[in-house]
Every structure is written in C-alpha cells, then in structure tokens.
Amino acid sequence: MIRGARSPFHSGYGHTAVIAEAVARGAAGAGAEVVSVSVDTITDEQWAQLDGADAIIFGAATYMGTASAAFNTFAQASSKRWFPHAWVDKLAAGFTNSGAKSGDKSSTLGYFATLAAQHGMHWISLGLLPGWDSTKGSEDDINRLGFFLGAGAQSPTDAGPEAVHTSDIATAEHLGARVARQAAVFRAGLAALAA
C-alpha cells in the first residue's frame, strides 16, 4: 500500500489546477492514495497529510520566471518542516504551467527541485524523451514541450482552463503515475531493509 502522494499546488486562473488534477489521476491510477492541496488555503490537517506522505509533488504556475507568490509563501512556511527534518527521504517531483511554450518554466521546476533538496527529499524526474522534436512529431506528442526535470504545460493566457492542451494533461498524468510507482518501489525497499 502506498501511503500516498500529496500535491501542494497553486493555480491563479485554473489552468494549473487542471494539471494538478491530471497528476492526481495518474498517481491514483498507479495505486497511490492522493490528496491535492491548494496552498493558498492549506490547513493544519493538510500540513499533517504532507508530513505523512511518501511523496510530495509540487505545482504552481510560472509567473515572472518563478513559482507564484502563493506557492513561495507555502515554501517559506515549510521551513517549520525543515527544522525537524519532517520531509527527509520523501520523494518529490514538480509541475508548472505558463502562457508561453517555454515561459522560463525550467526556473520554476529548478526552484521546486531546490526546495526538495533543502528538505532532504529525493527528486523524481519526468522520465520521458521530448516529444514534437522532429518533423514526424506533433504538438499532440506526450512531453511536447520537452521538459526533463518535471512536467511543463502551456495554456493560452486569453483562454480558460478548458484550453489546457491534451498532451500536457497526458504528460502530467505520466508524472503522477511515475511518482506513485517510484514511491511503491521505495517503500518496498525500506520494508525489505527493515525485515
């Protein structure tokens, strides 16, 4: 039994929430108990759920080259977990969304990986080759934007959440499933060592 994947995220306009839902579907489909947590309304109970999780998947829109201010507030508040090493050896991953195809999303994913490293967590990459990187590819390829560190999505700034690209949704589902599978392996390995 996978104790669970938790996904603290922030979505300013709903696009990133669609990606968070896809990550959750992917993780649940791979056997994880999943809880999505909106960081701008996080409760003490939800902090405790993060503390008890096997994996935490960070998510936020990329604004001005980094994660949104609401996510930064969450990250700074996580320092209460840093002092007692509450998240050490948990698995971590990340996803982000912006209006541009690049939009400096790598900066946000790098920020998530650094946050995870500061907590002593183990980072899980996307684990996919880039899609849409040849004349035979298309924007419908999974990982069409070619990110490696985590899942990157692009949504038109003048359209609602329904405009999130199906390829980006599939990429996010892949990330959720990958993290859940790695959490199961990690948990089984810990159990074997303890036996």
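Remember, it's a predicted structure, so these values are computed and weren't measured experimentally.
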- What closest approach, in Å, do Thr96 and Thr108 show between heavy atoms, and which atom pair accounts for it? OG1-CG2, 3.7 Å
- Would a distance-only check, ignoring hydrogens and angles, find a side-chain to backbone donor-acceptor pair under 3.5 Å from His165 to Ser167? yes
- Taking every non-hydrogen atom, the tightest pair across Ala172 and Ala151: CA-CB, 4.3 Å
- Query: Mind checking whether Trp132 and Asp140 have side chains closer than 4.5 Å, heavy atoms only?
  - Reply: no
- Query: Would you say Lys105's side chain and Thr66's backbone share a donor-acceptor pair under 3.5 angstrom?
  - Reply: no
- Search all heavy atoms of Phe9 against all heavy atoms of Ser36 and return the closest pair with its distance. CE2-CB, 3.9 Å
- Query: Short question: side chain of His15, backbone of Ala159 - any donor-acceptor pair under 3.5 Å?
  - Reply: yes
- Message: Would you say that Glu21 contacts Ile169 through its side chain, given a criterion of any heavy-atom pair below 4.5 Å between the two side chains?
- Response: no
- Task: Report the C-alpha distance between Leu190 and Asp89 in whole Å, list the side-chain angles of each, state the deciding distance to 0.1 Å, and finish with yes or no for side-chain contact (heavy atoms from CB on, under 4.5 Å).
- Result: CA-CA 11 Å; Leu190 289 173; Asp89 288 334; over 6 Å; no
- Item | Close side-chain approach of Phe186 to His122, heavy-atom, < 4.5 Å | yes
- Query: Would a 4.5 Å heavy-atom cut-off, applied to side chains only, mark Pro156 and Gln154 as touching?
  - Reply: yes
- How are the rings of Trp82 and His85 set to each other: parallel, tilted or perpendicular (split at 30° and 60°)? parallel
- Atom CZ in Phe148, atom CG in Asn143: separation rounded to 0.5 Å? 7.0 Å
- Roughly how far, to the nearest 0.5 Å, is CG of Asp51 from OG of Ser78? 10.5 Å
- Note on the structure: The residue among Phe74, Phe147, Phe71 that forms ring pair (Phe, Tyr, Trp, His ring centres under 6.0 Å) with Phe112 is Phe71
- Message: Using a 6.0 Å cut-off, check whether atom CD of Glu162 has over 12 heavy atoms from anything other than its own residue.
- Response: yes
- Output the distance between atom CH2 (Trp47) and atom NZ (Lys80), rounded to the nearest 0.5 Å. 8.5 Å
- Student check: side-chain heavy atoms of Met121 and Ile56 closer than 4.5 Å: yes
- Query: How about Thr62 and Asn97: do any of their side-chain heavy atoms sit closer than 4.5 Å?
  - Reply: no
- Verify the cluster assignment for Val39 and Tyr63: are they in a single hydrophobic cluster under the rule of side-chain heavy atoms below 4.5 Å apart? no
- With a 4.5 Å limit on heavy-atom distance, are the side chains of Phe95 and Ile57 in contact? yes
- Which atom pair, heavy atoms only, marks the closest approach of Ala180 to Ala27? CB-O, 3.6 Å
- Closest non-hydrogen atoms of Ala70 and Asp40, given as atom of the first, atom of the second and distance, are CB-CB, 4.3 Å
- Message: Using side-chain heavy atoms (C-beta onward) and a distance below 4.5 Å, is Asp168 in contact with Leu145?
- Response: yes
- Item | Path from Val23 to Ile142 over hydrophobic side-chain contacts below 4.5 Å | yes
- Query: Rounded to the nearest 0.5 Å, how far apart are CD of Gln46 and CG of Asp44?
  - Reply: 9.5 Å
- Note on the structure: Value for CG (Leu109) from CG (Leu126), rounded to nearest 0.5 Å, stands at 9.0 Å
- The reported gap from CZ in Arg187 to CG in Leu91 (rounded to nearest 0.5 angstrom) is 11.0 Å
- Query: Salt bridge or not for Asp54 and Lys90, using N-O below 4.0 Å?
  - Reply: no
- Query: Looking at Ser155, Ser98, Ser11, which one forms a side chain to side chain contact (heavy atoms under 4.5 Å, CB included) with Thr16?
  - Reply: Ser11
- Note on the structure: Looking only at heavy atoms, the pair that brings Leu115 and Ala75 closest together is CD2-CB, 3.9 Å
